[in-house]
Amino acid sequence: ETGFTPDKVGDYTVQLTLTSNDSEVTDSETAVITILPGGFIELSGTIDTDRILENVNDEDASLTDYLVVGDLNVSANLTIEPGVHIQFQEGRLLNITSSGTIVAEGSETDSIIFTSANVAGETRWKGIYIASASSQNSIKHAQVNYAGNSSMNFSGTDYPAGIGIEATGNIKIENSSFENNLGYAVYADDDGGQLNTFANNHFENNENGVAVWINEVEDLDGTTSFMNNTNADVEIFGSTLAESIETTWQGLSETASYTVSGNLFIDGTVNISEGAKFELDEDVQIYVRGAFIAEGSQTNKIEFTSSDQNQGLLWKGIYINSADGRNLLNHVMLSYAGNSDMDFSGANYSAGVGLDANGKISITNSSFSNNQGYAVYVDDDGGQLETFTTNSFSDNMTAVGVPADEVDALDEATTFSDNTTAEVEIFATTYATAKSSAWPNLNGNASYTISGNVYVKGDLTIDPGAHFELDQDVIIHVT
């Protein structure tokens with residue numbers, strides 16, 4: 001029998017070696033064990049009456065005040081005072097049930113710490129699970145570190161998290177830091193978890209920073225910082241914005257970006273602020289059935305691109321099936337879309353931006369690059385380019401595809417370079433009897449490619465300098 005009694009606090013490396021009686025089989029295991037100083041209070045079980053966790057070691061901020069040795073279930077009001085240092089043994093959970101609340105509000109000089117009891121041994125606690133809808137729930141000036149030991153049991157998909165907000169949950173998170181958490185540092189369940197307030201936080205060295213569903217994107221701020229998170233700074237998972245909701249998505253701080261991991265269905269109204277950057281996973285699509293207003297600026301553009309363009313992965317694109325006159329891409333950069341065909345009323349094609357028969361959008365001051373299929377495609381059953389000016393198209397398979405009735409929406413200022421198949425393709429369609437307009441001369445040496453028979457029934461004028469290349473056996477039929 002072997003024993004050891006440590007005489008100092010700190011980290012100890014312990015090696016256990018087992019050898020069979022005949023000495024033929026030997027195995028050993030090494031672990032790091034953290035010895036804590038005395039003076040802390042152990043916690044586990046249920047808190048079912050209001051309780052305040054006081055700073056019991058307020059004279060020495062380095063000391064642990066509380067050690068959670070078993071899951072802690074809170075069904076009353078739990079208040080944690082500034083400066084409190086709580087450590088959790090491996091896999092332990094702080095569970096704020098539907099009848100409980102948590103108010104953990106530190107200060108700028110005296111933050112609250114939630115962390116593992118054995119950081120040196122690389123063990124993690126489970127995290128803080130919020131099932132309570134109380135508007136009082138608040139974590140402010142706190143540190144949440146080394147959580148995410150295992151998945152929490154959410155109404156939707158289960159994931160590990162530092163703070164996990166259940167479908168019924170609601171919490172304010174302000175001026176707090178999250179470091180070295182597995183899974184998600186903060187996760188809002190896609191069945192309804194809510195960030196009541198979210199501002200001025202910091203996320204560093206987590207597997208993922210924040211994950212939210214589409215309704216909660218508007219609660220994120222432009223001042224929270226992100227650094228060296230392995231996968232995503234902010235992940236938006238596949239979800240639907242209801243018709244009755246209007247929301248604004250802010251640009252994240254500095255170089256941080258949104259990662260869109262599932263299809264977004266926009267039945268309401270989305271306003272996207274300048275500087276917002278979106279990286280979309282393979283074959284992910286944004287379906288617009290409401291209003292989509294992406295208003296960047298000349299110095300702070302909005303960007304949509306692939307989450308892994310270095311591996312050649314493409315997202316699907318933005319599909320517009322809404323005639324809302326507010327639909328807009330202004331000062332937007334869109335690249336690496338067109339992974340697979342969109343489902344149009346007419347023929348199906350891949351596109352960066354695809355306008356179906358009911359779709360309408362204005363595209364101004366925007367750039368499109370490295371898209372498969374068409375960078376912009378207008379369905380021949382009625383899609384409309386409301387305004388189209390001063391855009392640029394480079395390194396796409398085909399820059400723009402339009403029916404005959406929409407060619408007059410194009411402008412002379414838009415530039416084209418190194419597009420593989422065509423700059424502007426006019427496909428087999430009819431220029432309607434009621435139409436009276438001009439087809440502009442494209443910029444520079446750009447040309448129109450007419451890929452199918454065009455029937456001109458209205459009054460069509462072709463501007464001087466326009467250049468047309470027609471595919472084999474194609475005819476322009478003027479009636």
### Query
Checking side-chain hydrogen bond (donor to acceptor under 3.5 Å, both in side chains) for the pair Asn396/Asn371: CA distance, chi angles, key distance, verdict?
CA-CA 5 Å; Asn396 305 285; Asn371 297 289; 2.9 Å; yes
### Task
Please work out whether the ring planes of Trp249 and Tyr258 are parallel, tilted or perpendicular, with thresholds of 30° and 60°.
tilted
### Query
If you measure only the distance, is there a donor-acceptor pair under 3.5 Å linking the side chains of Asn137 and Ser132?
yes
### Message
Less than 6.0 angstrom separating the ring centers of Tyr159 and Phe154, yes or no?
### Response
no
### Task
Might you work through the side chain to side chain contact (heavy atoms under 4.5 Å, CB included) test for Asp267 and Arg289, ending with a clear yes or no?
CA-CA 5 Å; Asp267 295 333; Arg289 301 180 294 213; 2.6 Å; yes
### Query
Does the Asn231 side chain pair with the main chain of Asn208, one donor and one acceptor, at a distance under 3.5 Å?
no
### Task
Please answer whether the main-chain N or O of Ala438 pairs with a side-chain N or O of Thr461 as donor and acceptor at a distance below 3.5 Å.
no
### Task
Spell out, as yes or no, whether a donor-acceptor pair under 3.5 Å connects the side chain of Asp380 to the backbone of Val402.
no
### Task
Give the C-alpha distance, both sets of side-chain angles, the deciding distance and a yes or no for side-chain hydrogen bond (donor to acceptor under 3.5 Å, both in side chains) between Ser111 and Gln143.
CA-CA 7 Å; Ser111 62; Gln143 300 173 33; 3.1 Å; yes
### Query
Checking Ser134 side chain against Thr101 main chain: does a donor-acceptor pair fall under 3.5 Å?
no
### Query
Who passes salt bridge (charged side-chain N to carboxylate O under 4.0 Å, His left out) against Lys435, sequence neighbours left out?
Asp408
### Query
Which class fits the ring pair Tyr377 and Phe344: parallel under 30°, tilted 30 to 60°, perpendicular over 60°?
tilted
## Note on the structure
Those residues at least two apart in sequence (or on a different chain) that pass side chain to side chain contact (heavy atoms under 4.5 Å, CB included) with Leu314 are Tyr336, Asn339, Gln372
#### Entry: Separation between CG of Asn443 and OG1 of Thr415, rounded to the nearest 0.5 Å
6.0 Å
### Query
Are the side chain of Asp191 and the backbone N or O of Ala167 linked by a donor-acceptor pair below 3.5 Å?
no
### Task
Ignoring hydrogens and angles, tell me if any N or O in the side chain of Asp356 forms a donor-acceptor pair with the backbone of Ile320 under 3.5 Å.
no
### Task
Verify ring-ring contact (aromatic ring centres under 6.0 Å, His included) between Tyr187 and Phe237, making sure each step is shown before the conclusion.
CA-CA 11 Å; Tyr187 176 86; Phe237 31 78; 5.6 Å; yes
### Task
Describe, in one word, how the ring planes of Phe292 and Phe304 are oriented to each other, choosing from parallel (under 30°), tilted (30 to 60°) and perpendicular (over 60°).
tilted
### Task
Could you tell me whether Tyr146 and Phe88 have their ring centroids closer than 6.0 angstrom?
no
### Task
Please report the C-alpha distance between Thr223 and Asn200 in whole Å, then the side-chain angles of each, then the deciding distance to 0.1 Å, and finally whether the side-chain hydrogen bond (donor to acceptor under 3.5 Å, both in side chains) criterion is met.
CA-CA 5 Å; Thr223 57; Asn200 303 315; 2.7 Å; yes
### Message
Quick one, Ile236 with Thr259, criterion side chain to side chain contact (heavy atoms under 4.5 Å, CB included). Give me CA distance, side-chain angles, the key distance, then yes/no.
### Response
CA-CA 6 Å; Ile236 308 172; Thr259 297; over 6 Å; no
### Query
So, the side chain of Glu218 versus the backbone of Thr247: is there a donor-acceptor pair under 3.5 Å, distance only?
no
#### Entry: Step-by-step ring-ring contact (aromatic ring centres under 6.0 Å, His included) determination, Phe368 to Tyr374
CA-CA 10 Å; Phe368 297 80; Tyr374 297 88; over 10 Å; no
#### Entry: Whether Glu274 side chain and Gly296 backbone form a donor-acceptor pair below 3.5 Å
no
### Message
Let's go through Ser135 and Asn196 carefully: what are the C-alpha distance in whole Å and the side-chain angles of both, what is the deciding distance for side chain to side chain contact (heavy atoms under 4.5 Å, CB included) to 0.1 Å, and is it a yes or a no?
### Response
CA-CA 7 Å; Ser135 61; Asn196 191 343; 4.2 Å; yes
### Task
Measure from the side-chain N and O atoms of Asn206 to the backbone N and O of Phe178, and report whether any donor-acceptor pair falls under 3.5 Å.
yes
### Task
Sequence neighbours left out, what passes side chain to side chain contact (heavy atoms under 4.5 Å, CB included) with Asn263? Give chain and number order.
Phe265, Val284, Gln285, Tyr287
### Task
Step by step, work out the salt bridge (charged side-chain N to carboxylate O under 4.0 Å, His left out) result for Glu279 and Lys277.
CA-CA 7 Å; Glu279 298 182 349; Lys277 180 178 180 180; 3.5 Å; yes
### Query
Do the side chain of Asn419 and the main chain of Phe393 share a donor and acceptor less than 3.5 angstrom apart?
yes
